[in-house]
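We number each residue from 1, following the sequence as shown.
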Amino acid sequence: ELANTPTEWRRGSDDGRRDVNGQRGQLTEWDEQGQQWMVATFGASMVSIKEECLRPLTAADVEGFDIALGPASNMQVMGTELATHLSRKGSALCKLFISPDDLQDMVAAADRCLDEGAFSRLASELEPGYLGKEGTGKTFGFDLESPETADFVRDSALRIAEEAISTVGTILRPFSEAACGFDMYSRSMTMLSLPFDGDEDMYPPPELENEDAASYLTMLWRAKLMVLFNAGPGPASLTLLEKTEGGRAQPPVVVQPGMLVLFSMDRFKFVYRP
């Protein structure tokens, strides 16, 4: 059953001609008057296309991810699918419908945060838990609802990623206890991470304070899912390492810009390479 096109997607529709030949997308509704389908492309354009110009996606068209979360996605179906993937293999790779301009805006916002000195380094003892095995980098934690967060951060496209993370939690929660054995009732603050770019000496790791250590251990004890979103500009590689004896590594997964991956922290450690 198709959903009506959400209001925010209607605002983003393009009344002019645009070449979307070969692009993948999701049907949102049928325009009876124009005898055309409204289609949301993976690049977050809303276009009207005649039915004879469309073809169903094949398995090969969607082999780079597990689930596509678009404006017409049925939330109950998506929640069931997410829970099934987490239960069976411990992870799920999701394709979000985000425009290239919004991805560029996310990167630009992060760069401005960097220029304004918002990034710092975690204590060495904390980096593996937040950034993965052997992971290092510059980090910046933020809350878009906090009055202390800069206006340019709150007004940036980072809000799209923040809302996507929250949405995944919302649609998964009704199914998480039955499928995965835990309930979901809170999430931690979002953290931006940038790799070092010849500037590691400018970010010495601080000494681990007792309060930070206690907060970190509490987080590890309570956390059930890790959610990673790649804003770009390039693809990233994620390798999940089983926590069982021997620590067998799962095949690496490519996380393209605009993709979100979530995995079980009870089952895996991870290596993330941006």
Side-chain angles (χ1 to χ4, degrees), residues 91 93-96 98-146 148-166 168 187-209 212 215-216 219-220 223 225-241 252-263 265 268-274:
S91 65
L93 182 60
C94 304
K95 170 62 182 170
L96 307 182
I98 300 178
S99 73
D101 288 345
D102 284 332
L103 289 173
Q104 290 176 11
D105 184 74
M106 293 181 197
V107 173
D111 287 342
R112 182 173 174 183
C113 290
L114 182 64
D115 292 340
E116 297 190 3
F119 279 79
S120 60
R121 186 167 183 177
L122 296 170
S124 300
E125 296 87 347
L126 305 185
E127 286 183 326
Y130 287 104
L131 305 181
K133 183 179 179 182
E134 300 177 358
T136 60
K138 302 162 284 194
T139 63
F140 168 50
F142 67 91
D143 178 0
L144 290 181
E145 305 309 317
S146 170
E148 298 180 0
T149 300
D151 288 343
F152 78 88
V153 175
R154 288 203 301 265
D155 296 337
S156 73
L158 289 171
R159 183 172 292 276
I160 297 174
E162 183 79 354
E163 291 174 352
I165 293 171
S166 295
V168 165
R187 50 163 292 193
S188 61
M189 185 170 59
T190 300
M191 178 182 292
L192 294 179
S193 176
L194 292 174
F196 291 121
D197 186 21
D199 55 357
E200 186 170 359
D201 291 343
M202 297 173 58
Y203 296 89
E207 294 293 328
L208 180 62
E209 302 290 340
D212 292 335
S215 176
Y216 173 69
M219 184 276 293
L220 285 185
L225 293 176
M226 172 74 79
V227 181
L228 302 173
F229 173 79
N230 183 14
S237 171
L238 173 69
T239 302
L240 297 177
L241 309 173
V253 173
V254 177
V255 185
Q256 296 287 353
M259 287 189 180
L260 176 152
V261 60
L262 58 160
F263 60 88
M265 294 188 69
F268 300 111
K269 297 180 180 180
F270 70 102
V271 177
Y272 188 78
R273 295 283 183 261

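Looking at heavy atoms from C-beta onward, E116 lies out of side-chain contact with V153 at the 4.5 angstrom threshold. Taking the side chain as every heavy atom from C-beta outward, D111 and V107 approach each other to under 4.5 Å.
Partners of F229 according to the ring-ring contact (aromatic ring centres under 6.0 Å, His included) rule, which considers only residues two or more places apart in sequence or in another chain, do not exist here. Annotation: salt bridge (charged side-chain N to carboxylate O under 4.0 Å, His left out) contacts of R121 (sequence neighbours excluded): E127, E200. With sequence neighbours excluded, the residues forming a side chain to side chain contact (heavy atoms under 4.5 Å, CB included) with V271 are K133, T239, L241, R273, listed by chain and number. Residues satisfying the ring-ring contact (aromatic ring centres under 6.0 Å, His included) criterion with Y272, sequence neighbours excluded, are absent altogether. Legend: residues meeting salt bridge (charged side-chain N to carboxylate O under 4.0 Å, His left out) with E125, ordered by chain and number and at least two apart, are absent.
The side-chain contact (heavy atoms from CB on, under 4.5 Å) with F263 is formed by just one residue from the set V253, L228, L225; it is L228.
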| request: Would you sort out whether L93 and L238 count as a side-chain contact (heavy atoms from CB on, under 4.5 Å), showing the intermediate values? | output: CA-CA 10 Å; L93 182 60; L238 173 69; over 6 Å; no

| side-chain contact (heavy atoms from CB on, under 4.5 Å) between I98 and I160: does it pass, once the steps are laid out? | CA-CA 8 Å; I98 300 178; I160 297 174; 4.1 Å; yes

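Heavy-atom minimum distance, P204 versus D201: CD-O, 3.9 Å. Taking both residues in full, the closest heavy atoms of D105 and A157 are given as OD2-N, 2.6 Å, listed atom of the first, atom of the second, then distance. The two atoms that bring R154 and T149 nearest to each other are NH1-O, 2.5 Å, heavy atoms only. For the pair D199 and K138, the tightest heavy-atom approach, listed with the atom from each and the gap, is OD2-NZ, 2.9 Å. Scanning both residues, K95 and P257, for their nearest heavy atoms gives NZ-O, 4.3 Å. P274 and A236 make their closest contact through CA-CB, 3.9 Å (heavy atoms, listed as atom of the first residue, atom of the second, distance).
A distance of 11.0 Å separates CG of L144 from CE of M189, quoted to the nearest 0.5 Å. To the nearest 0.5 angstrom, M202 atom CE is 12.5 Å from S120 atom OG. We find the CE-OG distance between M226 and S91 to be 13.5 Å, quoted to the nearest 0.5 Å. Once rounded to the nearest 0.5 Å, the distance linking OG1 of T190 with CG of L158 reads 9.0 Å.
Between D115 and R112 no salt bridge is recorded (no basic side-chain N to carboxylate O distance below 4.0 Å). Salt-bridge annotation for R159 and E145: present, with a side-chain N of the basic residue lying under 4.0 Å from a carboxylate O of the acidic one.
For residues 101-120, the set of pairs meeting the ring pair (Phe, Tyr, Trp, His ring centres under 6.0 Å) definition, not counting sequence neighbours, comprises F119-F140.
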